[in-house]
Number of protein chains: 2
Amino acid sequence: MVACVFLLCHNDIIKLIITKERGSDTLNTEHASSYKASNYRTPDGAPADIVIFTITSEAKGSVKKALPLRELQVLLIQRKQWPFEGQWALPGGFSTESETIHESARRELTEETGVSDVHLEYFNVYSTPQRDPRGWIISHAYFALVHESFLEKRQAADDAADVRLFPVEEALAMDLAFDHEIIIRDALAQIQMKMLTTTIAKEFLAEEFTISELYQVIQTVVPTFNERNFIRKITSTQSRKGIIEEVMDHNGQGKMSNRYSQRAAQLYRFTDYVPQLSIYS
Amino acid sequence: MVACVFLLCHNDIIKLIITKERGSDTLNTEHASSYKASNYRTPDGAPADIVIFTITSEAKGSVKKALPLRELQVLLIQRKQWPFEGQWALPGGFSTESETIHESARRELTEETGVSDVHLEYFNVYSTPQRDPRGWIISHAYFALVHESFLEKRQAADDAADVRLFPVEEALAMDLAFDHEIIIRDALAQIQMKMLTTTIAKEFLAEEFTISELYQVIQTVVPTFNERNFIRKITSTQSRKGIIEEVMDHNGQGKMSNRYSQRAAQLYRFTDYVPQLSIYS
DNA sequence: AAAATAGTGTCTTTAAGACAATATATT
DNA sequence: AATATATTGTCTTAAAGACACTATTTT
């Protein structure tokens, strides 16, 4: 006993309602041992949407050697078709039956950035009814953290007016497609938390970096972050000094950089130590 | 131009393949401005599965007043039908178009426990192809933390042989339905992390509790947790003492409990302070 | 010399960590 | 009196927090 109704609501959208006989999956003990006919409507798609963050750095024009201005940016694409035609949206795409959603997000990310070894992390699902006018579409939201050097070539390759980086605050003030403003807001809160509790700062830095650069990156993502004795804590506190280590040159001397400063600064790299935080110890 | 093919693989399962015309949603700039006909297969369901944890406590028989034995347990239900008939599985159910997945998880949880104001948190999506023999079914996994007192009445109400608590280690050693072993393993790792970084311990405790009870709950979830000066840290460290506070009686004296001890112990409660952890400060 | 970033000295207060000792009520 | 849990005393070492000071190179 099968009924199949097609409702053509828009010229490129099909809604379908299917009545099918399926064993009850309710776990209520009253029903668990009896079969029950129900009406089932299945989702019209399960896409992955990706909030791609990068931190751009721009040299200050005034002085030669100075710390660059850094800004947290998010990559958006301009929609070419209904729905939300002309509006900016997160990159993403429908996942297929033959891949996990994570694989589909990875595929989209590679298409968008041209780089494959990039931090990609799942953080939430968005399923509010009517969130997508095309139908019942449940979106799986990821964030990606990309070093600006990876996006530079992409930006140059196709001077695409329809793919652009926006400062996060600017993006949040725009009229974005779907519920993408909420998704970006949630992603921002997520990376702010992760910036302080994990070593994701490394995703925005070169392999070797100075303490000032690290401090700047943290402050760019979490503007309220303010540690007066930052260098002391990160380098001389026993419980934390395992997170980063000094880079040495071939003579066993500390490797220095004077990219941004008159006095050369020690270079550091992240170790593979994973800090374990606890409110009880 | 619509093709619809029904494949009846099992008497209560319908697989469908639909070819429909839809605008390309790939974000590749090569395709962004051209429409492309594609074959779309849509998911057959988007259920929420819930890992319901509780901590049971059993008084030691030998002595009258002694700390109880506590054990982390997970609620499972025995399947009554194909697929995985007879095997134990997580409670859960298909979400519908008119609710968010979170609402559907909340609904299932209330059906299962009879209680509504319970900690419920989303943690991951499971979408490995073939994870469900009924079709392309993407499962959204939640964990719930329930005080044992909430489950006691439920357990008594229907002496349901098909709904049972299992010690987590025992559940993980069983041959569970679907990929539910992996889901439980991930949920366990998740609550172990959250137990140490948030105040979810409160979900397993009464409103008022002693330091020993709190310590026991943490150790039950995270067996490696071992803090020799626990009482000192939680009560006399400035940065942490905001997490809990002493309960006072009407005379302004500390309210005590001797449920588990000869010498009465001070009762505490959690404040609404949300601790902020950081590896940098 | 002024500017800009990098890093150290020094002092006070607070917390961590270990473990012995004391407190209170029950059996 | 022995027992079981709760709590405090005391000591040593480590870290937090503040802020003035020195270091290095460029302009």
Side-chain angles (χ1 to χ4, degrees), chain A residues 57 59-70 196 208-217 219 225-244 246-247 253-268 275-281, chain B residues 57 59-70 196 208-217 219 225-244 246-247 253-268 275-281:
Chain A
S57 60
K60 283 183 193 136
S62 56
V63 248
K64 286 283 155 53
K65 293 210 171 178
L67 287 168
L69 292 172
R70 293 180 195 263
L196 297 180
E208 302 178 354
F209 53 87
T210 65
I211 299 292
S212 303
E213 288 178 289
L214 172 57
Y215 189 76
Q216 264 203 321
V217 162
Q219 275 212 322
F225 183 77
N226 189 274
E227 284 296 322
R228 313 181 82 147
N229 278 4
F230 185 65
I231 186 172
R232 300 302 265 282
K233 289 196 174 176
I234 198 84
T235 58
S236 19
T237 299
Q238 265 203 354
S239 60
R240 289 189 181 83
K241 72 181 170 201
I243 296 172
I244 61 171
E246 296 183 353
V247 180
Q253 298 296 303
K255 191 171 165 192
M256 314 296 276
S257 157
N258 65 340
R259 260 176 296 185
Y260 305 128
S261 61
Q262 282 67 10
R263 176 174 173 176
Q266 174 66 48
L267 286 171
Y268 290 83
Q276 306 296 327
L277 292 170
S278 168
I279 61 174
Y280 299 118
S281 56
Chain B
S57 61
K60 280 182 195 141
S62 56
V63 248
K64 287 282 154 58
K65 292 210 172 180
L67 289 167
L69 292 171
R70 292 180 195 264
L196 297 180
E208 303 178 352
F209 53 87
T210 65
I211 298 293
S212 302
E213 288 179 287
L214 172 57
Y215 189 77
Q216 264 203 320
V217 162
Q219 275 213 322
F225 182 77
N226 190 275
E227 284 296 323
R228 312 183 82 148
N229 278 6
F230 186 65
I231 187 173
R232 300 303 262 282
K233 289 197 172 173
I234 199 84
T235 58
S236 22
T237 300
Q238 264 203 354
S239 59
R240 287 188 183 85
K241 72 182 169 200
I243 297 172
I244 59 172
E246 297 183 354
V247 181
Q253 298 296 304
K255 191 172 165 194
M256 315 294 276
S257 156
N258 64 341
R259 258 176 297 186
Y260 304 128
S261 61
Q262 281 66 9
R263 175 174 175 175
Q266 174 66 48
L267 285 170
Y268 290 85
Q276 306 295 326
L277 292 170
S278 167
I279 61 174
Y280 299 117
S281 54

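Throughout, protein chains are lettered first and strands after them, A, B, ... in sequence-line order, and every chain is numbered starting at 1.
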message = Tell me the interatomic distance from B/Tyr260, atom OH, to D/dT3, atom P, rounded to whole angstroms.
response = 24 Å

ask   = With a 4.0 Å cut-off on heavy atoms, is B/Ile211 in touch with a base, just the backbone sugar-phosphate, or nothing at all?
value = nothing

request  = Measure from the side chain of B/Gln266, starting at C-beta and using heavy atoms only, and say which of D/dT7, D/dC19, C/dT26 lies closest.
outcome  = D/dT7

ask   = Can you find a side chain N or O atom of B/Arg228 that sits less than 4.0 Å from OP1 or OP2 on C/dC19?
value = yes

inquiry  = If you compare every side-chain N and O of A/Ser261 against the phosphate oxygens of D/dT25 (OP1, OP2), does one of them come in below 4.0 Å?
reply    = no

request  = Send over the distance from B/Met256 CE to C/dA23 P, rounded to a whole Å.
outcome  = 15 Å

inquiry  = Between C1' on C/dA15 and OH on A/Tyr280, what's the gap in Å once rounded to a whole number?
reply    = 19 Å

key: Nearest-Å distance for atom pair CG/P, residues A/Asn229 and D/dA14   = 19 Å

task = State whether the distance check finds a donor on one side and an acceptor on the other, under 3.5 Å, for side chain B/Arg259 versus base C/dT26.
result = no

remark   = When A/Leu267 and B/Asn258 are each assigned the nearest nucleotide of DNA chain C, the 5'-most assignment goes to A/Leu267

inquiry  = How many whole angstroms separate atom CD of A/Glu213 from atom P of C/dA4?
reply    = 19 Å

query = More 5' along DNA chain D: A/Ser236 or B/Ile231, using each one's nearest nucleotide?
reply = B/Ile231

request  = Could you give me the CA-CA distance, side-chain angles and deciding distance for B/Thr235 and B/Tyr268, then say whether side chain to side chain contact (heavy atoms under 4.5 Å, CB included) is met?
outcome  = CA-CA 10 Å; B/Thr235 58; B/Tyr268 290 85; 3.4 Å; yes

task = Would you kindly give the CZ-to-P distance between B/Phe230 and C/dA16, to the nearest whole Å?
result = 12 Å

Contact summary for B/Asn258 and B/Ala264, nearest pair of heavy atoms = CB-CA, 4.0 Å

task = Go through D/dT25, C/dA25, D/dA18 for me and flag the one nearest to the A/Gln262 side chain.
result = D/dT25

request  = Report yes if the side chains of A/Arg70 and A/Glu213 come closer than 4.5 Å at any heavy-atom pair, otherwise no.
outcome  = yes

query = Are A/Asn226 and A/Gln219 side-chain neighbours, meaning at least one heavy-atom pair lies under 4.5 Å?
reply = yes

ask   = Counting side-chain heavy atoms from CB outward, which of D/dT7, C/dT8, D/dT5 is closest to A/Arg232?
value = C/dT8

request  = Return the value, rounded to whole Å, for the distance between atom OH of A/Tyr215 and atom C1' of C/dG7.
outcome  = 15 Å

hbond_proxy B/Arg263 side chain to C/dA23 base (donor-acceptor, 3.5 Å cutoff) = yes

inquiry  = Is the distance between the ring centroids of B/Tyr280 and A/Tyr215 under 6.0 Å?
reply    = no

Whole angstrom value for the distance that separates P of C/dT8 from CD1 of A/Ile234 = 15 Å

request  = Report yes if at least one side-chain N or O of B/Thr237 is closer than 4.0 Å to OP1 or OP2 of C/dT14; otherwise report no.
outcome  = no

